[in-house]
Amino acid sequence: MSQRVHSLAVIGGDGIGPEVTAAALEVVAAAGVSFDVEVFDLGAARYLRDGFVLDDATLERLRGFDAIMLGAIGPAIGDTRIPGGTLERGLLLRLRFGLDLYINYRPFHGVEGSLAEGCDFAIVRENTEGPYAGEGGTLRRGTPYEVATQGSVNTRFGVERCVRYAFERAAASARPKVTLVHKTNVLTFAGDLWSRVMAEVHAEYPGVEVDYNHVDAACIYLVEDPARYNIIVTDNLFGDILSDLAGSVSGGIGYAASANLNPTRSGASLFEPVHGAAHDIAGLGRANPLACVSSAVMMLEHLGEDEAAARIARAVRDFHGDAAQLGTAGITRQLLERL
Ligand code: IPM
Ligand code: MN
């Protein structure tokens, strides 16, 4: 067990966010890792209270932590008081872009009874470019001649560092294989860049097997033959969509974890479950904290707390029972007992 005390920013956020981060913090503490925690009140509730989303000073403070844990951000479905994009672009994407969290690493382990039962694979999603970059605009809005464009930004630098990360992960794994997922037959400019970078980086990792799937075909394979995958590398939007599908076939989005990584460590990395705020079950003790706990496992690995990470990961894998029945407290108690 390490003697270090890590500084941790916790953004519980909205809905079930604060419940799952609290459970994850309880579990990491029980595994013997010490954190100096500072809570940041950010998200929909904060915005509705005083209009604050995120400013430069707060972003800079967040950069200085050893890690950031985020629960979930977003208003309840049907709540129209917050214009779409306010929190997504103003908070989540601002954190990803501003802290240069250029990898969104999303591991999947098919739980018992799921379509992907027994499968282990991960999506390496480019996290700062693609259609998320914000390129584009509107002309003649509200007229019959309206024009809206939203370009996909793919830089040599951005694609290469993402693909390189995927190969490094694969090379260190038991089944070294990287599958590029794209739509090179239609998105020919971006697809050409991604394909050439794949081939070039592959030359440096001859021991890693490579494959390519069009994104539509990947949707079929994820359902019918998920065992074919080890590391999937893909752009920001394909990675967003595929990771929901991957979560679903692996046992439900309630289990899906993610790490928004700055592998250069020029600032804090951010760890969050893939699921959202689920306002409908907030405050009822029904939230499944396993995705947040698994995100915390990746945080511990990032911080060099490998032993604690492995113990918690084992407890999560050995978890059994009806998550809905057990509720947040029941699931957390079972994890604590297994530690
Ligand atoms: C995710 C989410 C975000 C994304 C949204 C909330 C901006 O769907 O983390 O997958 O699209 O990346
Ligand atoms: Mn998503």
Side-chain angles (χ1 to χ4, degrees), residues 11-17 20-21 24 42-47 53-54 59 68-80 82-108 121-136 150-154 158 162 181 215 218-219 222 232-262 268-279 282 288 290-292 294-296 298-299:
I11 306 170
D14 303 305
I16 61 170
V20 296
T21 53
L42 298 169
R46 171 73 191 272
Y47 176 79
V53 180
L54 180 67
L59 181 67
I68 304 166
M69 181 190 284
L70 189 147
I73 297 286
I77 291 164
D79 184 339
T80 52
I82 308 181
T86 305
L87 297 169
E88 292 82 355
R89 287 219 162 265
L91 180 51
L92 269 179
L93 299 187
R94 185 145 179 228
L95 288 169
R96 289 178 186 171
F97 297 175
L99 301 176
D100 204 19
L101 307 174
Y102 62 87
I103 298 296
N104 199 326
Y105 185 76
R106 296 182 159 177
F108 299 94
F121 61 96
I123 296 178
V124 171
R125 165 184 175 188
E126 201 292 320
N127 211 30
T128 55
E129 302 191 340
Y132 277 67
E135 196 266 352
Q150 193 103 47
S152 174
V153 175
N154 298 263
C162 176
V181 171
V215 64
C219 291
L222 272 173
I232 291 173
V233 66
T234 191
D235 92 342
N236 209 340
L237 183 58
F238 295 146
D240 175 50
I241 298 165
L242 280 183
S243 56
D244 273 20
L245 178 57
S248 178
V249 301
S250 303
I253 204 74
Y255 291 93
S258 85
N260 293 259
L261 300 169
N262 174 337
S269 290
L270 182 153
F271 302 83
E272 59 169 339
V274 177
H275 64 69
H279 286 266
N288 180 347
L290 288 172
C292 195
S294 294
S295 305
M298 291 193 280
M299 176 177 81

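Every number for a ligand or one of its atoms is a count from 1 in the order of the listing.
Among the candidates E129, R96, R125, the single residue satisfying the side-chain hydrogen bond (donor to acceptor under 3.5 Å, both in side chains) test with N236 is R125.
For the 3.5 Å distance criterion, the side chains of T86 and E88 fail to qualify, holding no donor opposite an acceptor.
Among residues at least two apart or in separate chains, side chain to side chain donor-acceptor pair (under 3.5 Å) pairs with a member in residues 238-247 are R106-S243, Y132-D240.
Considering only heavy atoms from C-beta on, P75 stays 4.5 Å or farther from Y47 through its side chain.
Residues meeting the ring pair (Phe, Tyr, Trp, His ring centres under 6.0 Å) test with Y105, sequence neighbours left out: none.
Listing protein N, O or S atoms at distances below 2.8 Å from the Mn ion (ligand 2), with waters left out, gives D240 OD1.
Note: I16 CD1 to H275 NE2 = 4.5 Å, rounded to the nearest 0.5 Å. We find the CG-CG distance between L95 and N260 to be 9.0 Å, quoted to the nearest 0.5 Å. Between the CG atom in L101 and the CG atom in L270 there is a gap of 6.0 Å [rounded to 0.5 Å].
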Apply side-chain contact (heavy atoms from CB on, under 4.5 Å) to L92 and L70, showing your working.
CA-CA 10 Å; L92 269 179; L70 189 147; 4.1 Å; yes
N or O contacts of ligand 1 with protein under 3.5 Å, please list pair by pair.
| unit_1 | atom_1 | unit_2 | atom_2 | d |
| --- | --- | --- | --- | --- |
| ligand 1 | 8 (O) | D240 | OD1 | 3.3 |
| ligand 1 | 9 (O) | R96 | NH2 | 2.7 |
| ligand 1 | 9 (O) | R106 | NH2 | 2.8 |
| ligand 1 | 10 (O) | R106 | NH1 | 3.2 |
| ligand 1 | 10 (O) | R106 | NH2 | 3.1 |
| ligand 1 | 10 (O) | R125 | NH1 | 3.4 |
| ligand 1 | 10 (O) | D240 | OD1 | 2.9 |
| ligand 1 | 11 (O) | Y132 | OH | 2.6 |
| ligand 1 | 11 (O) | D240 | OD1 | 3.4 |
| ligand 1 | 12 (O) | R96 | NH1 | 2.7 |
| ligand 1 | 12 (O) | R125 | NH1 | 3.3 |
| ligand 1 | 12 (O) | R125 | NH2 | 2.8 |

